[in-house]
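Keep in mind the model is a prediction, meaning the values are calculated, not measured.
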Amino acid sequence: MAKRTRRLGKDAALMVPIGHLHPTQITVGAYHVAQKMHVTRRLAHSDVPGFLDQHRVHIVIGPEQALYIVDHHHWVRAWQDMGIDMVPALVRNDYSHLSVRAFWKRMTDEHMVHPYDERGRRRPISELPSDVHSMRDDPYRSLEAFVQLAGGYRKVKTAYSDFRWADFFRKQIKGPLDTHHTFAAALAKGLQLATSPKARDLPGYLGPCRKTRQKR
């Protein structure tokens, strides 16, 4: 990309090539990506630009003007798999003035990078995928997404709430979830677990209250 002489302001709107975007996560949920592709394909051709605009990719600009996705990884992967090359983006922050070391420290401190693999293990920043297509499938990320869509828990803005739910299901539901049958069974189990006392400390929990007042 061409070098800029000034930093972009927060909330600046851009059109960017998907091929220039770098993930800040190692995984996505393949079933969840497929669901987003289905939603987009159902739109009339004339409605697609407006729809993409409503789901602008949130990015941070890093050293050497590299563009890092900090929200909507699943949408970006879905659109790339559909053959869409350019997507609308919203600049959350421009950290292009920072060194590489300072940039990743800032990203970590502000909870804008989550380098966990498909087994829920933290990996070095150097193992982040270099491009959108290289993100790996974690079926438990699809599972938590479909549990939330089915009303199992409330979507909240807490940092990495989706990863916390995915890790909860990973510990409670045995895999692999590599077929539609095993995933459907896991979804039914996940909906039960989401409102059980085991999940009460997770963000967006909709189950019984932690404590109930005793009747006198």
Side-chain angles (χ1 to χ4, degrees), residues 23-43 51-58 69-79 90 92 107-122 135-216:
T24 55
Q25 300 172 5
I26 293 175
T27 67
V28 287
Y31 285 141
H32 194 30
V33 169
Q35 182 261 345
K36 291 185 177 299
M37 292 174 66
H38 176 70
V39 169
T40 308
R41 282 175 173 153
R42 292 183 62 186
L43 298 170
F51 181 79
L52 268 62
D53 191 65
Q54 291 174 5
H55 297 82
R56 280 183 176 267
V57 182
H58 291 198
I69 309 165
V70 292
D71 198 10
H72 294 176
H73 283 80
H74 284 84
W75 282 117
V76 177
R77 177 59 180 269
W79 295 336
L90 189 70
R92 290 267 292 272
M107 293 287 282
T108 301
D109 290 346
E110 297 189 3
H111 306 290
M112 290 195 291
V113 58
H114 198 76
Y116 287 77
D117 67 14
E118 63 273 28
R119 295 183 182 179
R121 303 172 303 182
R122 185 177 179 89
M135 288 188 289
R136 305 201 293 263
D137 175 37
D138 177 358
Y140 287 93
R141 295 202 62 195
S142 290
L143 180 59
E144 68 79 16
F146 281 95
V147 169
Q148 187 271 318
L149 289 170
Y153 72 94
R154 182 177 65 255
K155 189 175 181 65
V156 295
K157 293 184 178 180
T158 305
Y160 305 124
S161 61
D162 52 344
F163 283 92
R164 290 183 61 188
W165 278 98
D167 287 338
F168 168 72
F169 293 132
R170 195 188 318 277
K171 294 172 183 176
Q172 299 292 329
I173 301 175
K174 186 177 180 180
L177 311 182
D178 54 357
T179 68
H180 290 293
H181 176 75
T182 56
F183 187 84
L187 178 56
K189 181 65 174 176
L191 284 167
Q192 294 177 343
L193 285 167
T195 54
S196 74
K198 292 181 178 180
R200 63 190 179 189
D201 292 326
L202 291 170
Y205 175 68
L206 293 173
C209 294
R210 195 174 302 182
K211 294 181 180 180
T212 57
R213 181 177 294 178
Q214 296 181 347
K215 293 184 178 180
R216 293 183 179 181

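Looking at Asp137, its side chain does come within 3.5 Å of a backbone N or O of Ala30 through a donor-acceptor pair. Side-chain atoms of His72 do not come within 3.5 Å of backbone N or O of His58 as any donor-acceptor pair. With hydrogens and angles disregarded, a donor-acceptor distance shorter than 3.5 Å links the side chain of Tyr205 to the backbone of Ser196.
Nearest heavy atom pair, residue Ala194 against residue Ala199, reads O-CB, 3.6 Å. Residues Ala150 and Leu191 come closest through the heavy atom pair CB-CD2, 3.7 Å. Closest non-hydrogen pair, Leu206 versus Thr195, comes out as C-CG2, 4.4 Å. Of all non-hydrogen atoms in His111 and Ala159, the two that sit nearest each other are CB-CB, 3.9 Å.
The only member of Glu118, Gln25, His73 that meets side chain to side chain donor-acceptor pair (under 3.5 Å) when paired with Arg141 is Gln25.
The closest side-chain heavy-atom distance from Pro203 to Tyr153 is not below 4.5 Å. Considering only heavy atoms from C-beta on, Thr24 stays 4.5 Å or farther from Met112 through its side chain. Contact check for Met107 versus Val70: side-chain heavy atoms found under the 4.5 Å cut-off. Using a 4.5 Å cut-off on side-chain heavy atoms (C-beta onward), Phe169 and Val147 make contact. Residues Arg56 and Asp53 meet the side-chain proximity criterion, which asks for heavy atoms closer than 4.5 Å. Between Asp201 and Phe168, the closest side-chain pair of non-hydrogen atoms is not below 4.5 Å.
Summarising the geometry, atom CD belonging to Gln54 is positioned 9.5 Å from atom CG belonging to Leu52; distances are rounded to the nearest 0.5 Å. To the nearest 0.5 Å, the span separating NZ on Lys171 from NZ on Lys198 amounts to 12.5 Å. In this structure, the separation between OH on Tyr116 and CG on Asp167 is 8.0 Å, given to the nearest 0.5 Å. Taking OG1 from Thr27 and CZ from Arg77, the interatomic distance works out to 11.0 Å, rounded to the nearest 0.5 Å. Between the NE2 atom of His32 and the CH2 atom of Trp75 there is a distance of 8.0 Å, given to the nearest 0.5 Å. With values rounded to the nearest 0.5 angstrom, Arg122 atom CZ is found 8.0 Å from His114 atom NE2.
Ring pair Tyr160/Phe163 is perpendicular by interplanar angle, where above 60° counts as perpendicular and below 30° as parallel. Using cut-offs of 30° and 60° for the angle between ring planes, the His55 and Trp79 rings count as perpendicular.
The distance between the ring centers of Tyr31 and Phe183 falls below 6.0 angstrom.
Heavy-atom neighbours of Arg121 CZ from other residues, nucleotides or ligands within 6.0 Å: above the threshold of 12.
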